Amino acid sequence: MNLESLTQATGEWLKGTGPESDIVMSSRVRLARNLAQFPFVGRASEQERGEIEQFLREQIATAPIGKDLEYIDVGQLEEVDRQFLVERQLISREHAEAQGARSVAIDRVEQVSLMINEEDHLRIQCMHSGLDLAGVWEQIRVVDEQIGKVVPYAFHDRWGYLTACPTNVGTGIRVSVMLHLPALVITRQIDKVFRSLHKISLAVRGLYGEGSQAMGDFYQISNQTTLGRTEEELVEQVGDVVPVLIDYERRAREFLVRETQQNVHDQVSRAFGILRTAQTITAEETMQLLSRVRMGVLLGLIGDINIADINSLLVQTQPAHLQKLRGVELDTKDRNIERARYLRKHFESAGGATSPN
Amino acid sequence: MKCQQCDKPAVFHITELESGEVRELHLCEGHAQAYLNQAEAGGGQEQEAGGPLTVSQTADELAVLDKKACDMCGVTFFEFRNQGRLGCPHDYVQFEKELEPLIANIHGATRHTGRRPDRAGSDLPEATEQLTGVIGLRREMQEAINREDYERAQEVRDEIRTIEARWLGPRST
Ligand SMILES: [Zn+2]
Ligand SMILES: [Zn+2]
């Protein structure tokens, strides 16, 4: 597969379409699967890892999904290209940084990706823009069924699908939604909301899943347990809290507009001002400011910019994307300069006046 | 080994496993009790929240347990406790008794109720059991090669092929 063609595309989760896409960025499900006849990846020899890869590739090619997939040999990629796939959420950070034979297969629209030799032999992922857990589950269920017909999944009557880590055993399913919750952050209600989620055994992580501090007010909510409930029940468990969170965020946004109209308009305008004029800017600051501008657009405080545009800037200004777009490797300092240049140029042509109300 | 919180000898060795992160605690009886009570007290919630995976044994029990190894992949329980990752699918059979409390602690359940793979002409649990045998045989073959017992290596390879032919079904290659 040609990474350059991906550079120009927006990627599924950034399309800014789908139900509730003002708050829900994307819906995702992943399934952890292993072959019965090999040790788990962490204990497999280099030769066995090669055999696992080859076996899965050959067998999956015989399934209907096989013809839609293109493989990328992750082990052979330059660091910047591996980082690029992480930024697009097509592979995990662990998969990018691991050693040995490993790959990823991606379908043309970047909805389905299969990681081979991550922590488990096979990690199937499916992602849709906006809130569409039912659609995602239906799609991944079909992919999993097709692959399950051509490879011998490790399965146990009592323990279900067997995984390298007991935290994934049973269904092997991780259901997650990525939410943009700036108003809950500004009104300092976010911690309270998350404490209540932990009580019903849901996990919360920041964007890209690093630490607990979310970059740019993007949060990922997912199920923590995988055994003892059906896949549908686990999908529902995550799905059930999303309307509640959407409602909280909407109310917080209304509150901000009603009670702190000037403040919020000022914050959004300043954020927009910095993005349009900065000469050097870090990825973290960019994401923080884009988050505020995104909220400003949704509150009607900034005109002439669409959400898909902001979503796409969120990923295009990430370190690896910036370097791929520019076509050269850049160190941190040069990336910050290039990022600022890219943003100025983008907003120059896209316009985007702050509305004068 | 001394208790991590006082000078008394550590007699309880506790392994916590949370989202794949492993933490080891070595405590004296008093501190272990305090720790476990505290986990229990916060526990009402913790339990619901799919709280950490906890094993607690006395030093003697642990020493015996740590040496237990998987017949197929050879991973020891000690290695699992350290890395938080199992060695092969057979570990769930081999260490079933030891894993049960850990799994109950993580998931609040000990039985899968979700989907089953649908593979024509093959009972999956049976196929898994048979195919994990290949993992052990492959190790045995390597050992035979290492001691230059090629006759034995050949035998084991034939055994592997028989199992694969029976349980992998018609292959595309
Ligand atoms: Zn002590
Ligand atoms: Zn094993």
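All values derive from a computational prediction rather than experimental measurement. All chains are named by letter (A, B, ...) in the order of the sequence lines, taking the proteins before the strands, and each is independently numbered beginning at 1.
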Classify the ring geometry between B/Y92 and A/W159 as parallel (under 30°), tilted (30 to 60°) or perpendicular (over 60°).
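It falls in the tilted class, 30° to 60°.
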Under a 4.5 Å heavy-atom cut-off, does chain B meet the side chain of [X], its backbone, both or neither?
{"X": "A/E119", "answer": "side chain"}
{"X": "A/S45", "answer": "neither"}
{"X": "A/V169", "answer": "both"}
{"X": "A/N34", "answer": "neither"}

Top contributor to chain A contacts, counting heavy-atom pairs under 4.5 Å, from [options]:
{"options": "B/E79, B/E129, B/Q130, B/E126", "result": "B/E79"}
{"options": "B/D91, B/V93, B/L99, B/T110", "result": "B/T110"}
{"options": "B/G114, B/G87, B/G74, B/C70", "result": "B/G87"}

Which atoms form the tightest heavy-atom contact between B/A69 and B/F95, and what is the distance?
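Closest heavy-atom pair between B/A69 and B/F95: C-CZ, 4.1 Å.
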Please name the pair of heavy atoms, one in A/S27 and one in A/V136, separated by the smallest distance, quoted to 0.1 Å.
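Closest approach of A/S27 to A/V136: O-CG2, 3.6 Å.
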Give me the one residue out of A/D144, A/T171, A/D120, A/V143 that meets side chain to side chain contact (heavy atoms under 4.5 Å, CB included) with A/L31.
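Testing A/L31 for a side chain to side chain contact (heavy atoms under 4.5 Å, CB included) against A/D144, A/T171, A/D120, A/V143 leaves exactly one candidate, A/D144.
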Inspect the contact between A/R158 and B/E100 and indicate whether a charged nitrogen and a carboxylate oxygen are less than 4.0 angstrom apart.
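The answer is yes: the pair qualifies as a salt bridge.
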Taking NZ, NE, NH1 and NH2 as the nitrogens, is one of them in B/R111 or A/D157 under 4.0 Å from a carboxylate oxygen of the other?
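The answer is no: the pair does not qualify as a salt bridge.
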Give a yes/no verdict on a cation-pi contact between B/R85 and A/F40, requiring under 6.0 Å between NZ or CZ and the six-membered ring centre and an angle within 45° of the axis.
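So B/R85 doesn't make the cation-pi contact.
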Is the cationic atom of A/R57 (NZ for Lys, CZ for Arg) positioned less than 6.0 Å from the six-membered ring centroid of A/Y71 and within 45 degrees of its normal?
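Yes, a cation-pi geometry holds between A/R57 and A/Y71.
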Is the shortest heavy-atom distance from the side chain of A/F194 to the side chain of A/I221 under 4.5 Å?
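In short, these two side chains touch, coming nearer than 4.5 Å.
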Is there a side-chain contact between A/E231 and A/W137, using heavy atoms and a 4.5 Å cut-off?
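Side-chain contact under 4.5 Å: yes.
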What residues of residues 131-143 of chain B make heavy-atom contacts with chain A at a cutoff under 4.5 angstrom?
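Counting heavy atoms that sit under 4.5 Å from chain A, the residues of residues 131-143 of chain B involved are B/L131, B/T132, B/V134, B/I135, B/R138.
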Counting heavy-atom pairs under 4.5 Å to chain B, which of A/A44, A/G170, A/G42, A/A61 comes out on top?
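The residue among A/A44, A/G170, A/G42, A/A61 with the greatest pair count is A/G170.
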Below 4.5 Å, heavy-atom pairs only: which of A/L234, A/T230, A/I147, A/L227 has the largest tally toward chain B?
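Heavy-atom pair counts peak at A/L227.
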